[in-house]
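Note: hydrogens, waters and symmetry copies are ignored here, and every other heavy atom, side chains too, is used. Both ligands and their constituent atoms are indexed starting at 1 by order of listing.
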Amino acid sequence: MMRMIEVMDLVKLYPKRNSKEKIVAVDHASFNVKNGEIFALLGPNGAGKTTTIKSICGLIIPDSGEVRIKGFSVLKERSKALSQISAVLEGNRNLYWRMSVLENMRYFAGIRGKKLNKSHALEILESLGLKDKANQLVHSLSRGMQQKAAIAVCLACDTDVLLLDEPTLGLDVHSAVEFRSILKSLKEKGKTILLSTHDMNLVEAVADRIAIMNKGRIVVCEKKQRLIDVFTARAYKLRLVCDEESKKRLKELGFNGWNEDGNLVELQVNLTSSQKLYELIDTLRSNNIEIESIEKEMVNFEKIFISYTRE
Ligand SMILES: Nc1ncnc2c1ncn2[C@@H]1O[C@H](COP(=O)(O)OP(=O)(O)OP(=O)(O)O)[C@@H](O)[C@H]1O
């Protein structure tokens with residue numbers, strides 16, 4: 001499958017105020033986004049997601065490494081590379097505030113050599129619930145509407161690759177749910193989407209592959225389903241009958257967080273492999289800790305995310 005975005009060994013340092021040291025925003029990050037997939041880039045605040053996305057858009061020059069879009073180098077073949085993408089960036093900085101929504105759509109489509117006819121533009125706005133704001137100046141829209149306007153501009157550009165940095169930020173619940181269907185329909189049209197978000201519901205609903213960044217590094221890059229399968233296979237909830245002595249032993253064995261109700265202790269464990277369950281059962285038995293039940297736990301993306309980004 002064709003690689004639409006290639007991020008290769010990307011490094012970006014920022015100067016630290018009043019210091020000779022540098023902030024390592026992106027630390028040798030590499031990943032590829034394939035044709036037609038929705039790729040989610042996740043990570044805690046400050047992980048380096050926006051810096052990575054800005055490097056892909058050519059807004060930031062990396063200290064080392066390279067980004068290619070459809071094979072074109074963003075640094076060396078800038079206009080060819082950038083004509084393939086449109087982006088929704090944080091803070092809607094890619095809109096002209098003194099122009100109407102429709103004018104913005106026309107202008108940005110025009111830059112990419114696309115003539116946008118009015119009925120198509122209104123169709124896009126309709127799908128976002130923004131049709132009645134078509135002629136309103138961007139600065140007079142609410143924050144959520146500005147976000148939708150940024151998405152409308154991105155759709156008007158009709159590029160093969162879309163970069164969306166926190167696209168659901170500021171959207172109300174209805175709009176955020178609608179946005180999922182919009183992403184799904186874009187995927188059906190064959191678009192390639194790189195999405196950075198903190199919205200785990202959105203990730204669960206639409207992502208094909210996921211990369212998690214932490215402190216500038218890509219700590220995992222996997223198909224979403226594979227991540228869910230692996231975590232489901234390893235997440236267990238054990239109910240134990242413990243007196244105070246057994247609880248002390250549990251602590252000594254390295255367990256430090258559980259729910260308890262009198263003698264009943266509910267312990268959640270994430271094992272590194274399914275085999276480890278037998279070892280755990282043996283350890284508990286040999287410490288005279290009674291096991292009342294063992295259940296496989298349902299995993300959600302929040303848990304997966306936290307397990308990769310915990311301090
Ligand atoms: N212009 C800048 N000057 C100095 N440091 C910066 C600049 N932009 C980002 N940083 C630093 O680089 C690191 C990565 O920031 P970045 O905005 O890429 O993270 P992020 O993953 O997008 O975070 P968030 O989820 O909060 O948007 C942070 O430590 C941030 O403080």
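The heavy-atom pair separating Lys133 from Val101 by the smallest distance is O-CG2, 3.4 Å.
Between Glu244 and Lys247 there is a salt bridge, since a side-chain N of the basic residue sits under 4.0 Å from a carboxylate O of the acidic one. One finds no salt bridge joining Lys49 and Glu166 here, because no Lys/Arg side-chain nitrogen approaches an Asp/Glu carboxylate oxygen to under 4.0 Å.
Close contacts of ligand 1 with Ala47, meaning ligand atoms under 4.0 Å from a residue heavy atom, involve 19 (O), 20 (P), 21 (O). Listed by number with element, the atoms of ligand 1 under 4.0 Å from a non-hydrogen atom of Asn45 are 23 (O), 24 (P), 25 (O), 26 (O). Annotation for ligand 1: atoms under 4.0 Å from non-hydrogen atoms of Thr50 are 17 (O), 18 (O), 20 (P), 22 (O), 27 (O). Close contacts between ligand 1 and Ala25 involve ligand atoms 12 (O), 13 (C), 14 (C) [criterion: under 4.0 Å to a heavy atom].
When only non-hydrogen protein atoms are considered, atom 29 (O) of ligand 1 lies nearest to Ile23 CG2, 3.9 Å. Thr51 OG1, 3.6 Å is the protein heavy atom nearest to atom 16 (P) of ligand 1. Residue, atom and distance of the protein heavy atom nearest to atom 27 (O) of ligand 1 are Glu90 OE2, 3.3 Å. Of the protein's non-hydrogen atoms, Tyr14 CD1, 3.8 Å is the one closest to atom 11 (C) of ligand 1. Distance from atom 25 (O) of ligand 1 to its nearest protein heavy atom, with residue and atom name: Lys49 NZ, 2.7 Å.
Below 3.5 Å of separation, one finds an N or O of His198 facing an N or O of ligand 1. Of the polar atoms of Gly46, at least one N or O is found under 3.5 Å from an N or O of ligand 1, judged by distance alone. Residue Gly48 places at least one N or O, backbone or side chain, under 3.5 Å from an N or O of ligand 1.
Only the backbone of Pro44 comes within 4.0 Å of ligand 1, counting heavy atoms alone; no side-chain atom from C-beta on gets that close.
Between Tyr107 and Tyr96, the angle of the ring planes goes over 60°, which puts this pair in the perpendicular group of the 30/60° scheme.
Protein heavy atoms all stay at least 4.0 Å away from atom 31 (O) of ligand 1. In this structure, atom 2 (C) of ligand 1 has protein heavy atoms in its sub-4.0 angstrom surroundings.
The number of heavy atoms from other shown groups lying within 6.0 Å of CD (Glu302) does not exceed 12.
A donor-acceptor contact closer than 3.5 angstrom links the side chains of Asp165 and Ser196. For the residue pair Ser175 and Lys148, a side-chain donor N or O sits within less than 3.5 Å of a side-chain acceptor on the partner. Thr309 and Asn214 form no side-chain donor-acceptor contact under 3.5 Å, judged by distance and modelled atom types alone.
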> Do Lys34 and Glu37 pass the salt bridge (charged side-chain N to carboxylate O under 4.0 Å, His left out) test, and can you show the C-alpha distance, the side-chain angles, and the key distance before you say yes or no?
Replying inline: CA-CA 6 Å; Lys34 294 175 201 149; Glu37 75 176 346; 5.2 Å; no
>> For a salt bridge (charged side-chain N to carboxylate O under 4.0 Å, His left out) check, start with the C-alpha distance between Glu204 and Lys224, then their side-chain angles and the critical distance, and finish with the verdict.
In response: CA-CA 8 Å; Glu204 286 203 75; Lys224 177 181 69 182; over 6 Å; no
